[in-house]
Structure formats: structure tokens, C-alpha cells
Amino acid sequence: MFELVVLDSALRMATPLILASLGGLFSERSGVVNIALEGILLTGAFASILATYYTGDPWVGVAAGIFAGILVSLIHAAVTVIFKADQIVSGVAINLLAAGATQFLTWITWGSSSNSPPVGGMARWSLPEAWGPVARSINVVIGHYPPLVYVALVAVAVAHVVLWHTPFGLRLRATGEHPAAVDALGVSVRKMRFAGVLLSGALAGLGGAFLALNTHQFVKNMSAGRGYIALAAMIFGKWNPVGAALACLLFGYAEAVQMGLQGQHVPSQFVQMIPYVLTMVALVGVIGRARPPAALGKPY
Amino acid sequence: MNSPRASDTATRVRGLAGTGKIVDVLAPLVAVLAAFLVGGLVVAAIGESPLKFYSTLFRGAFANADSVGLVLFNATPLIFAGLAVAFAFRAGLFNIGGEGQLYIGSFACTWVALQLPGAPRVLLIPVLILASAVGGGLWAAIPGYLKARFGVHEVINTIMMNFIAVGLTSYLVIAIFKEAGQMTPQTATIPIAGELPRLAYFFQSLGVPLPAANPLNASFLIALAAVWLAWFILHRTTLGYEIRAVGHNASAAEYAGINVRRTLVLAMVLSGAFAGLVATNEVMGFRHRFLDNFSSGIGFMGIAVALLGRNSPLGVLFAALLFGVLNTGALEVDVFTDVPRELILVVQAVTIILVVVGNEIVQRRRGRGAALTPRSEAASIDRDGSAEVS
Amino acid sequence: MPEHNAVEMRGVTKRYPRVLACDRVDLDVRRGEIHAIIGENGAGKSTLMKILYGMVRPDEGSIRLNGNLLVGHGPSDSIKLGLGMVHQHFMLIDPFTVAENVVLGIEPVRAGLFVDGRAARERVERLSSEYGLALDPDERIENLSVGLEQRAEIVKVLYRGADILILDEPTGVLTPQEVSELFLILRSLRKSGRTIIFITHKLNEVIELADRVTVMRDGRVTGTVSAAETTPEELARMMVGRDVLLRVERGETTPGEAVLEVSELSAIGRKGTHVLDHVSLRIRSGEIVGIAGVQGNGQTELVDVIAGLRPASSGQVVLSGSDITNRRPRVIRDMGVAHVPEDRQARGLVPEFTVAENLVLGHHHRAEYSRRGLTNVAKIEEHARELIAEHDLRPADPSVSASHLSGGNQQKLIVAREFDGDPALLIASQPTRGVDIGAIEFVHTSILKMRDAGAAVLLVSAELSEIMTLSDRIAVMYGGRIVAEFEGGTVTEEDLGRYMTGAASDSGGQDAAGGAA
Amino acid sequence: RESTPSQGTDTFKVGMVFDVGGKGDKSFNDSAYRGLLRIADDFEIEHTEFEPGQDADRETGLRKLAQAGFDVIIGVGFLFSDSMRSVAVDYPDARFACVDFDARPDEQLPDNLAGLIFREEEGSFLVGVIAGLKSETGRLGFIGGMDVPLIHRFEAGYIAGARYADPAVSVTVGYAGSTPQAFADPAKGKELALLQYGRGVDVIYHASGNTGIGVIEAARETRNLAIGVDSNQNYMAPGYVLTSMVKRVDNAVYAVVLAALENRFEGGVQELGLAEDGVGYAMDDYNAGLITEAMIEMVEAARVKIIAGEIEVPRE
Ligand SMILES: Nc1ncnc2c1ncn2[C@@H]1O[C@H](COP(=O)(O)OP(=O)(O)OP(=O)(O)O)[C@@H](O)[C@H]1O
Ligand SMILES: Nc1ncnc2c1ncn2[C@@H]1O[C@H](COP(=O)(O)OP(=O)(O)OP(=O)(O)O)[C@@H](O)[C@H]1O
Ligand SMILES: [Mg+2]
Ligand SMILES: [Mg+2]
């Protein structure tokens with residue numbers, strides 16, 4: 001169970017979850033529930049393949065994934081922050097929209113509403129071999145995972161620093177706790193919430209890009225509930241970047257173990273349920289100590 | 001006793017309140033039309049004729065008795081799923097778990113049917129309806145209890161339980177109950193005595209040429225009854241009174257001696273029971289067995305339906321019919337035009353967004369009014385346990 | 001050129017959907033003065049200040065700050081112009097530290113990117129020592145007492161360099177000791193040249209602290225006077241709009257059997273402290289016991305525990321001989337306890353329900369209205385028609401939603417419901433808060449009628465005059481305890497005030513124990 | 001959708017309804033679609049295809065096509081079996097074919113319904129032989145889509161073939177899931193494959209539709225070998241796809257439509273194995289360098305023996 005391959009697999013499985021849950025974190029810290037993560041992942045996945053398909057450059061695909069994520073989250077921000085509509089309803093609608101729109105566009109682009117043709121993926125990072133043995137041993141480290149895995153890990157650290165050590169983070173968290181107080185201090189609640197939701201779109205879009213580029217293809221509904229799992233991981237991680245990332249790793253690990261256990265007569269359905277059951281148990285046990293942002297879900 | 005300015009205010013307020021009813025009906029209609037317009041623009045953008053698109057869509061839904069029968073058939077599960085969401089809304093709960101509840105309800109229905117091979121029709125049918133409701137209700141009771149007891153938000157838990165329900169039923173079907181000698185992941189068929197009759201013969205006897213093959217079945221009638229029942233529970237029973245009180249103002253309900261926690265759990269159970277009744281259509285009425293993964297999002301569509309129906313049972317009925325039209329027409333569009341059905345999903349999503357946004361705009365102009373969505377604030381319970389003395 | 005006033009508001013008007021919160025208000029605040037604004041609940045004081053601060057847009061009117069006309073300004077503009085506000089409901093972020101709360105929005109930065117925590121801490125320390133506002137910058141707000149929270153709010157304002165400070169009802173939640181400390185701080189701020197606008201509805205505070213006073217009533221300014229030249233009586237007249245406070249005649253009463261017996265009752269609050277601390281109290285039938293006290297001294301908790309809405313940690317509540325401690329609210333109601341709750345919007349009504357539905361709230365499960373789980377719609381409507389006629393509720397339509405009723409009529413609805421059906425014990429919490437004189441009179445006579453009909457009445461009110469007018473006996477609560485008990489009419493407002501502020505707690509504590517035995 | 005049928009014309013009309021994964025899966029559905037395109041090229045035929053959205057649409061969709069006067073209606077995938085049975089009875093004038101029909105033992109089909117069944121285990125046996133011969137580590141992998149008996153047949157044949165070539169090989173088996181989605185989850189396919197390769201497997205045979213795209217990707221990434229399925233997938237990662245077990249759904253579709261065109265359509269279950277050229281393995285320029293003459297000789301010998309009945313290929 002602790003084989004390297006399983007751990008590797010866990011990390012890769014966790015990567016889109018980590019990115020999406022960091023996204024959820026920024027949104028929820030600003031006080032906006034973001035169930036739309038699922039749809040954003042999906043849209044990011046689609047956009048990244050579309051762009052890669054036409055440009056041949058997966059990094060353009062990554063940019064497109066981020067951009068698409070921001071675009072979708074813009075809808076969420078507008079509906080919930082400007083029009084102050086219910087955040088969960090908006091999220092549900094956006095997920096529906098994303099499912100329909102990505103399939104529709106897949107059909108328009110490639111004539112199949114279920115998947116795109118394969119595209120070239122992202123090359124592993126590496127220094128030129130010619131640089132000698134040092135470069136080669138560095139390559140062993142930085143070339144071990146797809147590049148976005150490292151990006152995700154760095155994003156965790158950056159998110160932590162941003163949330164806890166910058167004025168932006170302080171204001172963002174304050175907005176999620178007590179928007180009226182933030183307003184009274186002359187900081188625009190609307191701007192902070194937009195920032196939180198759009199950042200969430202960018203990160204989840206990036207997660208979608210990883211999901212698709214790592215499989216070299218867009219497949220309909222390929223987010224397959226990962227947005228919800230990311231949300232659960234975020235709660236599980238008590239709305240902290242490091243906690244959320246650890247929870248994602250745990251979920252990724254559960255999935256990897258489930259695959260690793262195959263052929264050993266553990267019904268796969270049960271292993272697949274682990275993250276969900278874990279989340280429910282954790283919510284009962286953890287939520288008492290972990291406090292969601294006080295103004296979460298409340299329009300201001 | 002009123003100063004002039006007070007009566008000014010009163011007239012203004014009263015004026016708006018008077019138009020309230022019309023606005024309530026008009027706003028979703030306008031949203032639907034606007035969403036259609038968006039859909040039409042998209043169709044035009046890909047170089048197809050919106051006119052042909054919509055004429056095909058509506059031909060698919062209204063061409064003949066068969067089409068209309070399909071609309072009603074497609075609307076039936078959405079009515080149940082919509083009622084489930086709307087009912088929970090009334091208690092201030094957001095039940096996103098319709099999908100899981102309908103799976104468990106359907107499985108419970110099938111399982112009970114398979115246990116009673118020789119049971120007579122008069123017994124089996126009510127028992128199976130009950131089993132469906134109980135299955136869905138019990139599944140919903142878990143997040144309801146966790147909410148009431150530990151204050152865990154039902155949204156997350158119902159989502160989690162959707163995944164669990166799919167996995168659990170999948171396991172049960174594939175590993176234990178799969179029909180022998182078949183590769184399709186489905187159970188054996190339920191006894192014929194447990195099948196709900198199709199409505200074709202009934203309609204034919206009324207002179208409506210509904211073909212015998214049309215899948216519309218008695219579950220539709222159960223759905224109509226459920227609409228009435230949901231209304232009746234909410235507005236004619238003490239429990240309904242308490243559910244609405246809790247949904248509107250939990251602390252007033254608590255003050256009034258209503259056991260808020262118990263009411264929340266009960267509301268959730270009833271909500272889940274409505275979702276479970278989807279089994280009457282899918283299992284008893286149509287497939288006559290449990291097919292793994294059959295739903296493809298009926299429970300989620302229920303959210304949209306409830307929303308569009310403004311969380312009133314009658315509204316749910318109309319919204320489900322609208323979605324039934326769209327889904328039925330979508331197939332026609334898919335088969336007979338170059339526009340893929342996915343566009344219909346987009347139209348549905350845009351409808352929801354426009355409905356919520358439109359509602360907020362109307363509310364804002366009116367100053368205040370009935371909330372469209374549950375006031376999660378009101379129904380949230382402190383862990384300190386101030387909601388109940390135990 | 002004459003020196004500008006610090007604040008000049010002219011013709012400021014703000015309409016809310018159902019009220020005119022400010023009606024062509026003019027206000028002048030001179031530089032360097034402490035200017036009090038007084039008025040009854042709902043007079044529009046907070047709204048006026050929020051308009052000044054830029055959190056609420058006025059519909060009409062102009063505002064000048066130090067002579068500069070403000071147009072469409074927001075809080076950030078006000079802060080830049082040196083205006084700071086301590087809100088009636090504190091604007092503090094619980095899980096943040098004091099320092100974080102203070103610097104939020106204008107954070108000192110390090111390396112151009114990161115919040116400089118040390119600088120923040122130092123600034124807070126400097127400001128607190130400068131004005132004698134002892135505060136630990138690293139303490140989280142959630143661990144502070146209300147008094148300290150208020151200090152954090154003041155430091156927040158000072159950190160922003162405010163020279164005009166608005167304090168919205170700063171004393172309502174403070175202990176007397178904290179109040180006098182606050183006054184010291186405010187005076188030292190005035191000495192440093194700052195202008196202070198101070199909202200309250202406590203007349204003696206005004207006389208003690210303020211230079212000038214503006215009185216508001218019903219959204220309008222009824223006058224501005226110099227504190228040195230006015231009396232509480234004059235201020236009261238300006239506040240209420242007529243000469244003497246309305247007093248209903250309280251006839252003699254002969255109390256009967258004990259209905260409510262509370263002994264050694266305690267309850268624990270959110271922060272683990274005793275919000276009720278061994279309270280003992282007895283009310284007999286035909287007797288009104290009034291509880292006086294500064295808000296937040298356990299009155300709400302006492303009522304909630306008796307009504308079953310909050311668990312008691314120890315002690316006993318006995319109603320007509322049976323123990324109802326920690327029973328469910330429904331059981332307690334069914335045993336004959338009626339309860340007019342403190343906050344009618346949050347507790348007493350389901351605003352979305354119709355008048356008829358609200359008129360059975362809490363009784364809806366009783367046999368008259370509910371048969372085998374089904375509601376008796378006809379009976380509920382009939383009941384509503386009776387009560388509407390009896391209490392002159394307007395509009396006289398049982399099917400109108402309660403949210404469409406005026407505040408006064410909402411309160412009448414609750415009174416009508418709770419007074420119906422001969423309760424043994426009537427709990428009336430702030431029964432006249434925010435209602436106009438006519439409704440006050442109605443409520444007061446109704447309470448007395450109940451008493452005369454043999455009910456035991458527990459009256460909780462922030463209005464001392466109300467307590468003094470109605471109560472046969474008066475208990476004073478302070479810090480979760482009953483610190484004194486008096487026979488009605490044997491005590492002056494000043495005496496009560498001393499007990500309420502804890503100034504005379506010791507002897508009072510003895511009294512209370514004796515009186516309850 | 002290349003040519004949209006107008007209702008009521010006299011041209012011969014063929015409708016195809018796809019399985020989960022849909023058109024463009026480079027595998028099963030595409031194989032069927034290729035057959036349709038080919039016959040549409042050869043004859044004047046109108047055709048339409050779609051993928052059902054919700055489960056009930058499978059049956060309704062078939063019905064709509066029948067009502068619209070389609071001459072041949074093809075359901076791609078065993079999930080259509082139930083619906084086919086009832087729709088075929090209701091529309092005796094249309095002819096129906098169901099690929100991978102889920103036949104019940106001794107089932108009597110209506111005259112207008114052809115159930116097309118492939119003996120996948122036979123083709124799988126052959127690629128198993130190739131894998132067994134090719135593997136250097138002696139460890140083979142199998143990745144199935146949905147954990148169902150149909151896919152178990154691929155697994156059983158493959159394992160038997162591998163053992164036939166090298167009795168010492170071990171085979172690691174993984175399935176992507178238990179729902180139809182398991183055929184459309186390349187992300188999962190890739191991770192499953194990476195796990196197996198990571199554990200020393202050097203050839204993986206996938207029978208997982210779209211999911212297999214991830215398997216082949218993993219082979220390319222780790223420089224191991226994969227074996228494609230249904231369609232010839234050798235081109236997808238040249239040098240890393242050892243061969244493909246082709247299931248000639250295209251041929252079967254072509255043949256069924258042709259029979260209908262020529263008015264000799266026959267109902268009933270049709271089993272297509274090695275003997276009927278219904279299954280096989282793919283050789284082309286992409287994998288020529290991977291497979292030696294000697295290997296081909298052995299495989300061809302096995303093919304002859306299977307057809308002759310000398311080798312009994314297990315189905316489970
Ligand atoms: N956001 C709002 N929406 C609607 N009505 C409001 C709003 N804010 C205040 N009001 C109403 O405006 C009136 C004046 O309220 P305001 O808070 O200014 O009173 P106040 O004098 O501060 O009273 P208190 O002494 O109780 O604090 C009240 O009737 C109140 O209900
Ligand atoms: N939306 C509405 N629909 C119908 N009638 C309304 C509505 N809003 C207010 N009214 C009625 O208009 C009248 C004036 O309301 P308002 O709140 O100004 O009363 P008020 O003068 O403050 O009365 P009170 O002294 O009882 O508080 C009330 O009698 C109320 O019943
Ligand atoms: Mg105020
Ligand atoms: Mg009023």
C-alpha cells in the first residue's frame with residue numbers, strides 16, 4: 001500500500017483536487033460558497049484541450065483553462081455578488097451549464113459530444129542532459145511528475161502565504177467573516193468577493209487543465225464529481241490551504257489504493273466510497289472545531 | 001392615526017404587494033422566454049435555423065398523443081424530484097441529495113418486489129410504493145439527523161450521500177442481485193403484479209390515440225397525487241405548519257414550542273420520500289427492474305424544477321412539465337436536426353440563472369418579500385444546542 | 001472667515017420600504033465638542049449616523065464635513081476626511097486579533113507585500129497607551145469582554161486618524177465601571193481636540209458628558225440644546241413629544257398563591273461564563289414583578305430558561321407546584337405560560353405567515369386547531385377574526401401576511417395571542433419596545449388586566465419608567481444575579497440605577513436572597 | 001449527422017444509436033461508425049446517429065427512428081438489448097441490430113432483430129499469445145472498463161493466450177469501475193496503467209473503450225507496451241502499441257445493413273469469431289517493428305487451432 005507507484009498515483013490524483021480546493025478556499029474565505037467548482041473544472045478541462053488542439057502548445061492550453069475558469073466564475077460572481085442570488089443555486093446552475101456547454105462545444109468542434117481527439121500532452125520538466133550528472137539528478141526530481149503537480153504544490157504554499165501574510169489575504173478573510181465590518185473600513189466587499197470567486201475560477205480552471213492535459217483528451221463530464229470532492233476536502237482541511245491539500249492527498253491516496261487493491265477482492269465500489277464516508281464522519285467530528293467563515297453563504 | 005407620510009408609504013407598499021402575484025408568475029415566464037432566446041441565438045451562431053430548431057423541439061413534444069405521452073412520462077420523475085427539493089426548501093433545507101435518495105428508493109422498491117414473488121397485485125403495489133418512499137426517506141434522514149444533531153450543513157452531506165448511494169446500489173446490483181446470465185448490470189425483473197399499468201389503454205378508451213408502446217404509466221397519476229399531498233401536508237397539517245414555521249423562522253418556531261430538530265429530520269425524510277417515489281416511474285412503471293446508474297441526474301434536475309416552480313407543489317408540476325417538454329423535444333432535435341441535445345441543457349441552466357437573478361431584482365424593487373431560497377441562517381442550529389433542551 | 005462646524009447636515013431624508021427613518025434632518029456639530037444625539041428606539045439616530053459615515057445613501061439632503069460638501073461618499077472617503085465610527089453593533093472580526101482588526105484596510109506592509117505584524121502591534125500599543133485604553137494587541141476579539149471590544153473599536157477609529165468620532169450607543173452594553181472608564185477616555189479625546197458624536201437614550205449620561213444635545217423623534221430633529229442648560233425632564237419631553245410620560249393607573253392587588261418559583265437558577269453562556277448566577281425569584285398570582293437592569297445582565301437568559309428556550313445548568317423552575325426546569329417549550333406553554341418575546345421579528349412572529357397563522361403560533365397543536373394532525377383551517381380563521389376584532393388589529397384581514405403589518409400592529413398581534421386563554425404566568429419582555437404611545441398604553445392596560453384577572457406577570461424592560469409604573473415588586477439584575485428587590489413604589493429611579501450599575505450590589509444580594517426565600 | 005434525413009423520403013435510411021463513450025472513442029463506437037460510413041459510401045443511404053442523453057432515451061430514441069421510417073436501426077452496445085427486444089416487436093417493418101447483444105440463454109429473437117455477438121475471447125487469446133511472447137518481465141496487465149461479464153471474456157481469453165505462449169507469465173487485472181462511465185474515463189485508465197507499469201508489468205491489454213486512451217498514453221509515457229482494442233489503435237502511439245484486438249464491428253454493421261439492402265436480413269443471434277473474421281489482431285506499419293516473424297507464426301498457428309476447435313478458449 002505504500003509502494004512508490006501508489007504514492008505517485010495518489011499525488012497525481014490529488015493534483016486537480018488540490019487546485020480546485022484551493023480555489024474553493026479563496027471563494028469561501030471571501031464568503032461565497034462555490035459549488036460551481038465542478039463546472040469550472042470541467043470548463044477548464046475543455047478549454048485547455050481546445051487551445052492545445054489548435055495551438056499544439058499545452059501551455060497555451062493551461063492558460064486557456066485558467067481563463068475559462070475565470071470566465072465561468074465571473075458568472076458566479078455576478079449572480080451572487082451583484083445580484084445577491086443564492087450561492088448554491090447559482091453553483092448548481094453553473095454546473096448544469098458547464099456540462100451542457102462543454103458537450104455542445106465538443107460536438108461543434110469535433111463532431112462528437114462525448115470526447116475530443118487526443119492532443120499532445122505536457123512534456124516533463126527537464127534540464128538538458130548535456131549539462132552533466134547534476135542536471136540529470138535534478139531531472140529525476142523535477143521530471144518525476146507532470147509539471148502541474150509541482151505547480152499545485154507551490155500553489156498551496158503561495159495560497160498559505162497570501163491568505164495569512166498579505167493585506168489581501170487579511171481583507172479576504174475579513175470579508176468572509178464580517179462583510180459589514182470590512183465595508184465600514186472602506187474596503188469594497190464587492191471587490192473582495194469578486195477577487196475571491198475569480199481566483200477560485202482561475203485555480204479550478206487550472207485543475208481542469210491538469211485533468212485534461214494529463215489524459216490528453218477532453219471527455220464529457222470528466223470532472224466526475226471532483227469539484228464536490230475538492231469542496232469536501234476544503235472543509236475537511238478546515239478552510240486552510242495546507243489542511244485542504246492534505247485532505248486532497250488523502251482522497252487521492254484512497255483512490256490510488258483502491259486501484260492498487262484491484263484483483264484482491266475488495267469491492268471497488270466500497271473503496272470508491274471512502275472519501276465520501278470520510279468526509280461525512282469528519283464533518284461531524286471536525287466541524288465543531290473548524291469554523292467556517294462566519295458570513296459564508298450570506299449575500300452582502 | 002397615520003401621519004400623511006405614513007399613509008404615502010402604505011399606499012406605495014400596498015401597490016407593490018398587489019402586483020406581487022402577477023410578478024411571481026410573470027418573472028419565471030420571462031426568464032424562460034429569455035433563456036429560449038439565448039438558445040436561439042446559439043443555434044443561429046452555429047449557422048442553423050433557430051426556427052427549425054424550435055419547431056423540431058416542439059414537434060417532438062406536441063406532434064401527437066404519443067409525443068405528449070412522452071412529455072408526461074419524462075416529466076413524471078422530475079415532478080417527484082422537484083417536490084423533494086421544494087418540500088425541503090420549505091423547511092429551510094437544501095436537499096441536493098435527490099439523486100441518491102431516488103437510487104436508494106428505487107433499489108428498495110426493487111428489492112422488496114423481488115422478495116415477494118407471489119404477492120397479489122392489490123398488496124404488492126401499495127407495498128412497493130411505500131418501499132420506494134421509505135427507502136428514499138431513510139436515506140435522507142441521515143443528513144437530516146446530522147444537520148439537526150450536529151449542525152452539519154445538509155448540502156455537503158447530501159452530495160456525499162449521492163456518491164455513496166450510487167456506489168452502494170451499484171455494488172448490490174452487480175455483486176449480489178444481477179440477473180443471471182446477463183451482462184447488463186441490472187436486477188431481474190420484478191413480479192408482474194408489481195408493475196404499474198401503462199396509461200395507453202386507459203387513454204385509448206377515452207378516444208385518445210396513445211400508442212400501446214408509450215411508456216406513460218400510472219406513476220404519472222401518483223405524481224399528481226404527490227403534488228396534492230405535498231400541498232396538503234404543507235398547508236393542511238400541523239406538521240406542515242411546523243415545517244413552514246421552521247423554514248421561515250427557526251427561532252420563532254422554537255419559541256412556539258416546535259421541536260425544531262425533529263421537524264428538520266421529518267421534513268428531510270418526507271423530502272427523501274418524494275425523491276424515492278421516482279421508483280414508481282423508473283422501476284414499477286417503466287423498466288420493471290433496477291438498472292445500475294439509470295438516473296443520469298434526475299435528482300439534480302429536481303433542483304432546477306423546484307426553483308422554477310418557486311418551491312410550490314403546483315409550480316413544481318408546471319416546471320416539471322416544461323422540463324419534460326424540453327427533454328422530449330431534445331431527443332427529437334438530436335435525432336432530426338444538426339443541433340445536439342446538449343443545447344437544451346444550456347437552455348435549462350440559463351433559465352435557472354435568469355430565474356434567480358430575476359427574482360432578486362423583483363425582490364429588491366419590492367423591498368422585501370418571500371425568499372425564493374431557504375434562509376439557511378434561520379435553519380442553522382448552534383452546536384451549543386440552544387435549539388433544544390435535552 | 002468663521003470656523004466651520006465639524007459636521008453640517010441639511011435636510012437629510014432616508015426612506016425605507018415601510019418607514020421614513022430620517023425626515024429632513026438638520027444637524028450641526030461644533031468642532032471639539034461632545035455632541036449627544038438622543039431619541040427613542042427607531043427614532044432614526046443610527047440611520048442618520050450611517051448616512052453621515054457614508055454607509056447608507058440618503059435620499060435627499062446635503063452633508064458637509066469641516067466645510068467640505070460630501071457627495072455620494074462612502075466609508076473610505078469618510079475615513080480619509082477624518083471621520084470614524086464605532087457602530088452600535090460592533091464591527092469586529094471575532095477570530096482576528098485586536099491588531100489585525102485595527103489595521104484592516106490600512107495594513108502596514110513589509111517588503112512591499114506582507115502584512116507587518118510587528119508594526120501593527122506597536123501602533124496598537126502606542127495608541128492604547130496614549131489614551132489609556134489598555135488592550136492586548138495579540139488577543140483575539142472572541143476572547144474579549146464587551147468593554148474591551150469597544151476599546152478595540154475606538155483604537156480602530158484612532159488608528160485611522162479620525163478627529164471626528166461617532167459612537168452609536170456605546171454605553172448600552174457596558175457595565176457601570178466600564179461606562180465611567182469610557183467617559184474618561186472620551187473626555188481625554190475631547191481634550192486632544194477631537195469632536196465626538198455620542199448616541200444614547202439615557203438622559204443622565206447626556207447631562208453628565210455632553211456639551212450639546214440633539215433630540216430626535218420619529219425621524220425628525222425636535223431640537224438641539226446645551227447640556228448645561230437643560231434638564232432630563234425637558235429632554236424627555238422633546239424625545240417623547242409630550243409633557244409627562246404616560247402612566248397607567250395601577251390599582252391595588254392582593255397576590256395569591258405562588259405561581260412561579262425560581263430557585264438558585266444558573267445558566268452557562270457561550271463563553272463558558274455564568275450568564276445566570278443562582279437566581280431566585282417568586283411571583284404570586286395577581287402580581288407583577290418587574291426586572292430592571294442594564295441590557296445583557298441576564299434578563300434575557302432568565303426569561304429564556306423559564307420558557308424552556310435555554311438549558312439551565314443548575315437550579316429549579318417550579319410552575320404552580322410542578323417542576324418545569326429544562327422541559328420543552330411546548331410543555332411549558334401548555335402548562336399555562338404565555339410569553340411576549342423580547343425580539344418580535346426574530347422570535348414572536350413568522351413574518352411570512354398570515355395573521356391567522358401567527359395568531360395560533362405556539363397553540364397550533366392544540367385540539368381546537370389540530371385534529372389528528374390536520375389543521376382546522378376554519379377554526380383558525382374564526383379565532384383570528386375574534387382576536388382581530390377584540391384587539392383592533394389593522395388591517396382587519398386574517399389572510400394578510402404578518403410582514404405587512406406595522407410594527408405596532410405586529411406587537412399587538414403577539415399580545416393578542418399571548419394574552420388569550422388565561423395564562424397562569426405571563427412573561428412580557430420589552431413589551432413596548434419600538435411601539436408608539438398608543439400601543440404602549442394598550443399593552444400596559446392589557447398587562448394590568450391580566451394581573452387583575454389573577455395571572456402572575458414577569459415584566460422585563462429596559463425602560464425604567466415602564467418597570468416603575470407597572471410593577472408590584474421590582475427585582476434588579478446585574479451580572480447575571482438578582483442584586484436587589486423592592487416593593488413597587490418604594491424606590492426611586494436613582495436607587496434602581498445604582499443597583500443596576502452594580503454600585504450597590506453587596507447589600508442588594510442579601511435582599512434578593514431573602515426576598516426569594 | 002453527415003446527412004440529415006428528411007422524413008418520408010424513399011431512400012434507404014439507417015439510424016445508429018451509440019453507447020456510452022460515443023462517437024470519437026477511437027474504439028468500439030468508432031468501429032461501428034466506420035462500418036456505417038463505409039456502407040453509406042458504397043450505396044445511397046441516408047443515415048443519422050446520436051447518443052442518448054438519459055437512459056429512457058435509449059428506448060425512445062429507437063422508437064423515434066422506427067416511427068420516422070428508418071429501415072435499419074442499430075444499437076451499439078449491450079445496454080440496448082432490453083429496449084431492442086421491445087421496440088423490435090412494436091415495429092415489425094423496421095430491422096434492428098444490436099451490437100454486443102446481451103442474449104439470454106436459448107432466447108428466441110424476433111425476425112427483425114439481429115443480435116450481434118463477438119467471440120472476443122478468441123481475438124483476445126491471440127493478442128495474449130503476442131503479449132506472452134513479447135513480455136520481458138513475464139508480467140502482463142489487463143485493464144477492463146466496466147466490470148461486467150462481457151469484459152471478463154476479453155480478460156479470460158487474454159490470460160489463456162498468454163499462458164499458452166508462456167505458462168510462467170502472471171497477469172495483473174484492473175477494472176476502471178462498475179458503471180458505464182468506466183468506459184469513458186481515460187484519466188482513470190492512465191492511472192491504472194501507470195500503477196501496473198510501475199509494478200513491473202510491461203504489456204497491458206485494455207478492453208475499456210475510451211478509458212483505454214489513458215492506458216495507451218501511459219504506455220507511451222513510461223515507454224512500455226499497450227494492446228489496443230476493438231478498433232486498430234496501433235497508430236495512437238506508434239512503437240508503444242504492440243497490437244490491437246480488433247473486433248470487426250464495422251464489418252458486422254456493414255454486413256447487416258447490406259443484408260437489409262438486399263432484402264436478406266435475418267433475425268437471431270449471430271456469433272462472430274475468428275472463423276467468421278469477426279475478431280482478429282492488427283498488424284500494420286506502426287507495430288511491424290515490434291512483432292517478429294516467429295511470433296506471427298505462433299499466433300497464426302494458434303488461430304488455426306482455435307478455428308479447428310483444438311484449442312478451447314475459456315469465456316470466463
Ligand atoms: N436597512 C433597513 N431597512 C429597512 N428599515 C430600516 C433599515 N435600517 C433601519 N430601518 C428602520 O429605520 C428606522 C430608524 O432606525 P434606526 O436604526 O436609525 O433607529 P435608532 O434611532 O438607531 O433606534 P435604536 O435606538 O433602536 O438603535 C427604524 O424604524 C428601523 O426599523
Ligand atoms: N405591504 C402592505 N400591504 C398592505 N398593507 C400594508 C402594507 N404595509 C403596510 N401596510 C399598512 O399600512 C399602514 C401603515 O404602516 P406603517 O408601518 O407606516 O404603520 P405605523 O404608522 O408605523 O403604525 P403603528 O403605529 O401601528 O406602528 C398599516 O396599517 C399597515 O397595516
Ligand atoms: Mg440605533
Ligand atoms: Mg410604526
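Numbers restart at 1 for each chain; the letters A, B, ... are given by sequence-line order, proteins then strands.
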**Prompt:** Given that the side chain runs from C-beta out, which part of C:V360 has a heavy atom under 4.5 Å from chain B: side chain, backbone, both or neither?
**Reply:** both
**Request:** Give the member of C:H365, C:R372, C:E357, C:R371 that has the highest number of heavy-atom pairs under 4.5 Å with chain B.
**Result:** C:E357
**Request:** Would you please say whether a donor-acceptor pair under 3.5 Å links the side chains of B:Q101 and B:N95?
**Result:** yes
**Asked** Mind checking whether C:Y369 and B:Y241 have ring centres under 6.0 Å apart?
**Response** no
**Message:** Report which part of C:R366 has an atom under 4.5 Å of a heavy atom belonging to chain B: side chain, backbone, both, or neither.
**Reply:** neither
**Complete:** Under 4.5 Å to a heavy atom of chain B? For C:H363 that would be neither
**Asked** Can a cation-pi geometry be assigned to C:K14 and C:Y16, taking NZ or CZ under 6.0 Å from the six-membered ring centre and within 45° of the ring axis?
**Response** yes
**Max heavy-atom pair count under 4.5 Å with chain B, selected residue of C:V377, C:L349, C:D343, C:L374** = C:L374
**Message:** Ring-plane angle category for B:F94 and B:F89, please: parallel below 30°, perpendicular beyond 60°, tilted otherwise.
**Reply:** tilted
**Request:** Determine whether the aromatic ring centres of B:F80 and B:F274 lie less than 6.0 Å apart.
**Result:** no
